[in-house]
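Report on the following structure.
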Amino acid sequence: MRDIFVLAEHRRGELRDITIEMLTKGRELAECCGVPLTAVLLGHGVDRFAEKLASYADTVVLIDHPQLENFNSETYQAALSPLLEDRQPFLTLIGHTAFGIDVAPRLSAQSNIPLATDCIDIRCEDDRVFAVRQIYGGKLNAEVSYENAPQYLATIRPASFPVREYGLKGEIVRTDCPALKTPEREFLEYVEAPAGEVDITQADVIVAVGRGIKEKETLPLVEELAKSLGGVLACSRPIVDAGWLPKDRQVGSSGTIVAINKYPNAPVFNEADYGIVGDLFKVLPTLKEKIAELKSG
Amino acid sequence: MEIVVCMKRVPETGDAEIAVDSTGRDIVRDRLTYDINESDNYALEEAVLLKEKFGGTVTLVSMGPPETDETLRMGLAKGGDVAVRLWDHRFARSDGHATAFVLAKAIREMEFDLVLTGCIATDDGRTQVGVTIAALLGIPHATYVMKVDIEDGIATVQSELEGGLIAVNRMKTPALFTIQTGINEPRYPSLISIKKATAKEIRTLTLDDLGLEASSAGEEGSKTKIVKLTPPPVGKRAEILEGAPEVVSARLTEIFKEKGMI
C-alpha cells in the first residue's frame with residue numbers, strides 16, 4: 001500500500017496544532033497499515049517546521065516558493081494536485097480548519113479524489129477507508145464509506161486526536177514547485193479582530209450561555225452568577241450573531257467545564273467535565289444562593 | 001448585479017430529539033419542522049443588500065423535493081426575485097460532491113456575477129458544497145465571509161479564521177462566497193411580501209432538464225456514503241450530577257470549592 005499524507009498547516013510563522021494532531025493520527029494509521037507517513041509542507045522560508053514534522057513522519061516533502069508564503073487555496077491546490085498525482089498517496093489528511101475547508105473541496109474537485117469533511121475519526125480496513133463524522137450538531141455520529149478510488153481525502157476536526165511525541169528522524173525532501181499561475185484570488189492581509197473590554201482568554205472562570213437562554217433578558221442573571229464565581233460572562237456563536245454579546249465573548253472549550261442542558265443527550269455533555277440535566281432557570285438561582293451561603297459562612 | 005443564492009432546507013434539530021430510522025442510515029423525519037439553513041439565510045440577506053445597492057436580480061436555487069418550495073417561497077418573500085428548484089428522485093441521497101455537481105450544472109446556465117452560499121449546513125455540517133461549486137464553475141471563492149465590498153467588478157472580502165483573525169482577499173467577479181452567520185441582520189418578510197411570493201412560479205428542473213447523467217447525481221454520483229448512524233457515546237467525559245436543583249447546586253458549589261474557584 002502507498003503513503004499516508006498529512007498536509008501541514010501554518011500561519012504567520014507558526015505551525016498550527018492541528019498539524020501535530022493529524023501527524024499523531026497519521027502515524028497510528030501508517031503503523032496499522034504498514035505504510036510510510038509523509039508530511040507535506042508548503043510555504044516560504046519554513047525550513048524550521050520541517051524538522052518538527054520529521055519527528056513524526058518518515059518523509060517530509062517541502063515545497064518552498066514565495067507564492068506559497070501566505071495561504072491561498074488556489075496556489076495550494078495548484079501545488080498539491082501535481083504532487084498527489086505524482087506520489088499517489090493512499091490517503092491525505094487536511095485540517096478541518098478555515099485553511100483546510102478552503103482548499104480541500106477545490107483539491108477534491110480538481111484532482112477527482114473523494115473527500116469526507118470534518119472527520120472525528122478515520123479507520124483503514126484493507127484498502128478501504130472509513131470516516132466518522134458528526135451530524136445534526138453532534139447529535140449523531142455518521143460512519144461514512146468512500147467509493148472505491150485510488151486516493152482518498154479527509155479533513156480532520158481539530159482536537160479530535162490526542163498528541164503524542166514520536167521522536168523520529170524522517171527524511172526532508174525538497175521538491176520543486178510546479179509552475180504557479182497568478183491566482184485569481186489575491187491575498188491582501190490579515191486583520192486582528194478589535195480587542196474588547198473583557199479578555200475571556202485570561203479569565204479563570206467563564207460562565208457561558210448559548211441559545212438555551214431564550215432571551216437577552218436572562219443575561220444579567222447569568223452575569224451575576226459569573227461575578228459570584230469571580231468569573232466573566234461568555235457565550236456561544238449564536239448569541240454573538242444575535243448581537244446580544246460582542247464577538248470577543250465567544251468561547252472555545254478548554255479547562256474544567258460544567259454544562260447545564262435540559263436534554264440528557266445534548267452533545268455538550270461529551271465536552272464537559274460535569275453535567276447537570278435540568279432547567280437552567282431553576283438551577284441558576286439555587287446555585288447562586290448556595291455560592292452566596294458558602295461565601296458568607 | 002446578477003446574484004445566485006444556493007439555499008438548503010434543513011430540519012430544525014437543535015431542540016428536537018433525534019432518532020435513527022429503520023435503515024440505520026437516516027433519521028426519523030416525520031415530526032421535525034424544517035427551515036432555511038441558518039447561514040443560507042445570511043447569504044440571502046447579503047444578496048438582497050447587494051441588489052438594493054447595485055440593482056440586478058437575486059436567483060434562488062435549491063436542490064430538494066417539492067416541500068422545498070416552501071423554503072424557496074420564504075426566500076422570495078425576503079427579497080429573492082426568481083426561484084429554481086432542482087429535483088428528481090435520482091438526486092436523492094446525494095453527498096456533498098453530487099449536490100455541488102447538480103447545483104453547478106444549473107448555475108452554469110444562468111447569468112451571474114456572484115454565487116452566494118451558506119458557509120455550513122446545520123444538518124450534515126459538510127462545509128463542502130460551496131467551494132466545490134466554485135471549483136466546478138472555474139471561479140475564485142472565499143469561505144466564512146464576514147464582509148463583502150464590491151467596486152467595479154472587484155470584490156474585497158473578509159474571511160473569518162480561527163481565534164478572531166480575519167483574512168482579506170481580493171478577486172474579480174464572478175466569484176463564489178460562502179457566507180458566515182452574523183455578516184448582516186436577516187430581515188423578516190412582511191405579510192404582503194409573503195402573499196406576493198405565494199403567487200410566484202417556482203421553476204423545477206429534473207435530471208433530464210439539466211442534461212445530467214444518472215451516474216453523476218444521487219447515491220450513484222456520490223463519492224461518500226453514510227454506512228450507519230449511531231448516537232455519540234453519551235457523557236464520555238461529563239460526570240452527570242443528579243437530583244433536584246438544590247442538590248446539584250450544593251454539589252456543584254462543593255466542586256467549585258475543591259477546585260479553589262470560590
Side-chain angles (χ1 to χ4, degrees), chain A residues 74 97-98 101-102 105-106 108-110 114-118 130 134-147 184-193 205 211 229 237 240-241 247 256 258-259 265 267 269-278 282-283 286-287 290-291 294-295, chain B residues 13-14 18 20 27 96-97 122-128 131-132 135-136 140 142-144 158-162 164-172 181-182 223-241 245-246 248-250 252-253 255-257 259 261-262:
Chain A
E74 283 179 43
T97 54
I101 288 162
D102 207 69
R106 214 167 244 284
S108 164
Q110 302 288 358
L115 164 70
T117 54
D118 195 18
F130 295 88
Q134 293 197 318
I135 57 174
Y136 301 110
K139 289 194 172 183
L140 285 176
N141 281 3
E143 183 169 296
V144 171
S145 67
Y146 291 83
E147 67 169 12
E184 292 187 76
R185 176 174 118 183
E186 182 193 0
F187 170 80
L188 297 181
E189 59 173 339
Y190 289 120
V191 179
E192 302 274 358
V205 176
R211 280 188 224 250
L229 287 166
R237 168 120 218 160
V240 176
D241 288 342
K247 176 81 186 154
T256 303
V258 183
N265 296 331
F269 292 131
N270 296 332
E271 304 296 329
D273 300 281
Y274 300 98
I276 296 170
V277 181
K282 288 185 182 136
V283 176
T286 53
L287 179 60
K290 295 281 179 201
I291 291 170
L294 183 85
K295 276 186 168 172
Chain B
T13 53
I18 303 290
V20 178
I27 57 168
H97 178 85
T122 54
D123 54 354
D124 58 49
R126 284 198 194 101
T127 336
Q128 179 185 4
V131 179
T132 309
L136 295 171
T143 45
Y144 284 84
Q158 298 192 353
S159 288
E160 186 181 73
L161 310 179
E162 293 83 3
L165 193 67
I166 290 163
V168 187
N169 287 293
R170 185 164 63 191
M171 68 207 84
K172 270 191 199 148
T181 57
K223 295 180 178 291
T224 59
K225 192 165 92 174
I226 291 178
V227 183
K228 67 170 179 211
L229 300 179
T230 48
V234 175
K236 194 169 47 183
R237 285 179 58 205
E239 177 190 325
I240 303 288
L241 311 177
E246 292 74 25
V248 293
S249 295
L252 200 53
T253 308
I255 292 169
F256 288 157
K257 197 180 160 207
K259 294 198 173 275
M261 286 160 62
I262 305 173

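Every chain is numbered from 1 and lettered A, B, ... according to where its sequence line falls, protein lines coming before strand lines.
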Do you know which of [options] has the most heavy-atom pairs under 4.5 Å to chain B?
{"options": "A:Tyr146, A:Tyr136, A:Phe187", "value": "A:Tyr136"}
{"options": "A:Glu192, A:Glu184, A:Glu186", "value": "A:Glu186"}
{"options": "A:Lys282, A:Arg237, A:Glu189, A:Arg211", "value": "A:Arg237"}
{"options": "A:Gly138, A:Ala109, A:Ala142", "value": "A:Ala142"}
{"options": "A:Ser108, A:Ala116, A:Pro114, A:Ser145", "value": "A:Ser145"}
{"options": "A:Ile135, A:Leu140, A:Val205", "value": "A:Leu140"}

Of the non-hydrogen atoms in [X] and [Y], which two are nearest, and what is the gap between them?
{"X": "B:Leu161", "Y": "A:Tyr190", "value": "CD1-CE2, 3.5 Å"}
{"X": "A:Leu115", "Y": "B:Thr224", "value": "O-CG2, 3.3 Å"}
{"X": "B:Ser249", "Y": "A:Thr286", "value": "OG-OG1, 2.7 Å"}

What distance do [X] atom [atom1] and [Y] atom [atom2] have between them, rounded to the nearest 0.5 Å?
{"X": "B:Lys228", "Y": "A:Asn141", "atom1": "NZ", "atom2": "CG", "value": "10.5 Å"}
{"X": "A:Ile101", "Y": "B:Arg126", "atom1": "CD1", "atom2": "CZ", "value": "14.0 Å"}
{"X": "A:Leu188", "Y": "B:Arg170", "atom1": "CG", "atom2": "CZ", "value": "5.0 Å"}
{"X": "A:Gln110", "Y": "B:Leu136", "atom1": "CD", "atom2": "CG", "value": "8.0 Å"}

Between [options], which has the largest tally of heavy atom pairs under 4.5 Å with chain A?
{"options": "B:Lys259, B:Lys257, B:His97", "result": "B:Lys259"}
{"options": "B:Leu165, B:Ile226, B:Thr132, B:Val131", "result": "B:Leu165"}
{"options": "B:Pro140, B:Gly96, B:Gly182, B:Ala167", "result": "B:Pro140"}

Checklist entry - After noting the C-alpha distance and the side-chain angles of A:Asp241 and B:Thr181, does the key distance pass the side chain to side chain donor-acceptor pair (under 3.5 Å) rule? => result CA-CA 6 Å; A:Asp241 288 342; B:Thr181 57; 2.4 Å; yes
Item to check | Portion of A:Val258 that has a non-hydrogen atom of chain B nearer than 4.5 angstrom | outcome: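 For A:Val258, the contact with chain B is made by the side chain alone.
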Checklist entry - Does A:Lys247 come within less than 4.0 Å of B:Glu160, counting only side-chain N to carboxylate O? => result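 Judged by the 4.0 Å cut-off on N to carboxylate O distance, A:Lys247 and B:Glu160 do form a salt bridge.
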Next on the checklist: If I measure from the heavy atoms of chain A, does B:Thr122 come under 4.5 Å with its side chain, its backbone, both, or neither?
Outcome noted: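 Just the backbone, heavy atoms under 4.5 Å.
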Checklist entry - Does B:Glu162 use its side chain to pair, donor to acceptor, with the backbone of A:Ala98 at less than 3.5 Å? => result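 Yes, B:Glu162 side chain to A:Ala98 backbone: donor-acceptor pair under 3.5 Å.
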Checklist entry - When A:Lys139 is tested against each of B:Leu229, B:Ile18, B:Ile27 for side chain to side chain contact (heavy atoms under 4.5 Å, CB included), which residue passes? => result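 Going through B:Leu229, B:Ile18, B:Ile27 one by one, the side chain to side chain contact (heavy atoms under 4.5 Å, CB included) with A:Lys139 is satisfied by B:Ile18 alone.
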Item to check | Heavy-atom check, side chain of B:Leu252 versus side chain of A:Leu287, under 4.5 Å | outcome: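 The answer is yes, as the side chains (C-beta and beyond) meet within the 4.5 Å cut-off.
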Checklist entry - Is A:Glu143 close to B:Thr230 at the side-chain level, that is, under 4.5 Å between some pair of heavy atoms? => result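 Heavy-atom side-chain distance check fails, nothing below 4.5 Å.
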Item to check | Between A:Asp102 and B:Thr143: side-chain donor-acceptor atoms closer than 3.5 Å | outcome: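 On atom types as modelled, these side chains qualify, holding a pair under 3.5 Å.
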Next on the checklist: Between B:Ile240 and A:Ile276, is the side-chain contact (heavy atoms from CB on, under 4.5 Å) condition met? List the steps.
Outcome noted: CA-CA 6 Å; B:Ile240 303 288; A:Ile276 296 170; over 6 Å; no
